[in-house]
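Positions are given from 1 along the sequence.
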Amino acid sequence: MPEKKDYYEVLGVSKTSGEDELKKAYRGLAKKYHPDVNPDNKQAEVKFKEVSEAYEVLSDPAKRQKYDQFGHAGVDPSYGAGPGGAGFGGFSSQGFGFEDLGDIFDNFFGGGFGGSTRARNPNAPIKGSDVQISMALDFMEAVKGVAKTVSVSRLQTCATCEGSGAAKGTKPETCGECSGTGQVKVNQRTPFGVIQSSRACARCGGKGTVIKDACKTCAGKGRVRATKNLEVNVPAGIDDGQSFVLRGEGDNGLNFGPPGDCIVRVSVRPDLIFERDGFDIWCEIPLTYAQSALGDEITVPTVDGKVSYSVPEGTQPGTVFRLRNKGVPYLNGRGRGEQYVRAVLEVPRGLNAKQKEALKTFEGMMTEKNYEKRKNFFGKIKDAMGI
């Protein structure tokens with residue numbers, strides 16, 4: 001296998017370089033050797049791969065630590081392997097996998113080689129989980145915003161033991177197995193000899209303390225499930241299927257960690273008059289024949305109340321009118337959408353004899369000049385059929 005170049009030399013940085021210096025060096029070299037900048041340049045392609053591989057390792061703190069300790073063998077198990085698959089100077093991995101080696105080096109060198117045995121400090125603050133709730137809104141509530149009371153079921157710090165998990169009047173005691181350190185020494189036989197390492201204490205789980213008399217309220221867990229009512233302001237303009245966040249209203253954290261958030265998912269009931277399209281609002285207005293033909297001053301409903309609109313003479317069915325700034329307010333922003341009004345012609349029903357006669361008289365007075373679409377339609381038929 002060809003000798004690999006030192007990753008620090010590939011990037012042109014020192015072994016003490018920080019994250020910003022690494023990133024700056026990588027970006028400059030990646031731009032210089034990128035295949036799009038150097039088409040059909042094999043040498044540039046190789047350089048680009050070397051730079052990318054070096055940055056991938058050195059930008060990861062865990063991989064960088066392994067590389068600093070063991071070189072390329074610490075991040076690439078195949079590096080240095082012979083024809084039989086042996087690495088590390090001929091040591092065969094048969095029956096003793098690379099992951100096992102990682103565990104050994106983790107224990108021996110304090111977690112600098114493999115990640116399988118590293119565990120989070122059980123006494124470290126842990127953020128609480130997020131919780132989700134659903135909220136149903138009427139159309140107008142979603143458009144204008146509304147104040148609502150919601151109930152949130154979440155894990156809260158136990159008031160009886162104040163989160164310690166121990167019965168009232170007591171407290172967790174020092175673990176006798178590990179003497180409060182949370183770690184115990186173990187001997188492990190390896191191909192390198194017997195190595196002494198530290199592991200989390202099985203009795204206390206690494207905490208260094210044990211609870212002999214558990215709190216009866218929370219059964220020693222330090223948290224209890226409870227329901228809390230919250231007053232929330234739903235933002236104007238929210239739409240069906242969208243969510244908003246109540247910061248810090250989720251599960252309480254462990255070990256005095258911060259609480260999670262409450263995610264409120266919204267569903268909006270449809271409206272009888274209005275239909276929403278993004279931040280625009282649509283509605284239909286039925287017009288009589290006379291209103292469509294002669295024009296009229298009509299009343300149009302909007303989310304802000306009724307407004308007057310002048311329907312022009314000769315308005316055709318399906319004509320759409322626009323009312324500016326009468327739509328939905330932009331979510332967490334200025335301005336709002338439009339309202340569109342579609343004219344729908346309503347044909348009268350249940351005519352009496354006198355009304356029918358009047359309509360026939362009126363129709364007899366019409367000519368093709370009064371029906372432009374009809375005139376064009378039959379004109380196209382005439383041209384198509386050669387009549």
Side-chain angles (χ1 to χ4, degrees), residues 135-148 233-242 244 266-380:
M135 174 186 291
L137 300 175
D138 291 332
F139 184 87
M140 294 299 291
E141 290 177 331
V143 170
K144 292 182 169 293
V146 67
K148 288 275 190 180
N233 292 316
V234 180
I238 198 164
D239 202 357
D240 184 67
Q242 291 183 330
F244 63 95
V266 171
S267 61
V268 181
R269 303 181 186 97
D271 190 78
L272 296 176
I273 299 174
F274 302 112
E275 184 178 340
R276 181 169 174 173
D277 180 17
F279 291 100
D280 295 330
I281 291 178
W282 286 76
C283 72
E284 292 185 345
I285 297 294
L287 299 178
T288 67
Y289 183 84
Q291 286 176 316
S292 297
L294 304 177
D296 194 11
E297 191 78 15
I298 64 172
T299 298
V300 178
T302 73
V303 294
D304 298 322
K306 298 177 180 178
V307 298
S308 295
Y309 187 83
S310 297
V311 177
E313 179 180 325
T315 295
Q316 300 298 310
T319 299
V320 175
F321 308 111
R322 180 172 63 176
L323 304 180
R324 291 186 178 276
N325 299 318
K326 290 296 183 182
V328 180
Y330 295 141
L331 195 61
N332 300 325
R334 296 180 179 179
R336 57 195 298 183
E338 319 283 18
Q339 178 170 332
Y340 294 95
V341 183
R342 184 182 290 107
V344 179
L345 177 63
E346 184 176 4
V347 178
R349 297 179 180 180
L351 301 177
N352 57 35
K354 187 176 181 179
Q355 291 169 330
K356 290 180 180 179
E357 189 61 33
L359 190 56
K360 289 179 181 179
T361 301
F362 171 78
E363 183 65 20
M365 298 169 62
M366 297 294 102
T367 66
E368 288 187 350
K369 294 181 180 180
N370 301 113
Y371 294 107
E372 191 67 28
K373 288 185 179 180
R374 181 183 175 90
K375 175 183 176 182
N376 292 337
F377 176 75
F378 286 107
K380 292 176 182 177

- Message: Is it the case that over 12 heavy atoms from other parts of the model lie below 6.0 angstrom from the CE atom of Met365?
- Response: no

- Got a second to check how far Thr302's OG1 is from Asn325's CG, nearest 0.5 Å? 11.5 Å

- Task: For Gln339 and Gly327, indicate whether the former's side chain and the latter's backbone hold a donor-acceptor pair under 3.5 Å.
- Result: no

- Residues two or more places apart in sequence or in another chain: which of them pass side-chain contact (heavy atoms from CB on, under 4.5 Å) with Lys148? Met135, Leu137, Glu141, Val146, Val232, Val234

- Item | Shortest non-hydrogen contact between Ala343 and Leu287, atoms and distance | CB-CD1, 3.7 Å

- Task: List the atom of Asp240, the atom of Val268, and the distance in Å for their closest heavy-atom pair.
- Result: OD1-N, 2.7 Å

- Answer yes or no: is there a donor N or O on one side and an acceptor on the other, between the side chain of Arg342 and the main chain of Val320, under 3.5 Å? no

- Note on the structure: Contacts satisfying side chain to side chain donor-acceptor pair (under 3.5 Å) that involve residues 268-286 (not counting sequence neighbours) are Asp138-Arg269

- Message: A quick test of your reading: do over 12 heavy atoms of other residues, nucleotides or ligands sit less than 6.0 Å from CD of Glu346?
- Response: no

- Give the C-alpha distance, both sets of side-chain angles, the deciding distance and a yes or no for side-chain contact (heavy atoms from CB on, under 4.5 Å) between Lys326 and Ile281. CA-CA 8 Å; Lys326 290 296 183 182; Ile281 291 178; over 6 Å; no

- Can you tell me how far CD1 of Ile273 sits from SG of Cys283, rounded to the nearest 0.5 angstrom? 8.0 Å

- Message: Ignoring hydrogens, what is the shortest heavy-atom contact between Val328 and Gly278? Give both atom names and the distance.
- Response: CG2-O, 4.5 Å

- Query: Taking all atoms of both residues into account, what is the closest heavy-atom pair of Leu331 and Pro235, and its distance?
  - Reply: CD1-CB, 3.9 Å

- Item | Where Pro312 and Phe321 come nearest, the two heavy atoms and their spacing | CD-CE2, 3.9 Å

- Message: For a 4.5 angstrom cut-off between non-hydrogen side-chain atoms, does Ile298 reach Gln291?
- Response: yes

- Reported CG-to-NZ distance for the pair Leu359 and Lys354, which is rounded to 0.5 angstrom: 14.5 Å

- Message: What I'd like to find out is whether the side chain of Lys144 reaches to under 4.5 Å of the side chain of Asp304, using heavy atoms alone.
- Response: yes

- Task: Hey, could you give me each pair passing side chain to side chain donor-acceptor pair (under 3.5 Å) that has a residue in residues 309-320? Not counting sequence neighbours.
- Result: Glu297-Ser310

- Task: Could you go through the side-chain contact (heavy atoms from CB on, under 4.5 Å) check for Val303 and Arg336 one step at a time?
- Result: CA-CA 12 Å; Val303 294; Arg336 57 195 298 183; 3.5 Å; yes

- Would you name the heavy atoms of Asp239 and Gln242 that are closest together and state the gap between them? N-OE1, 2.8 Å

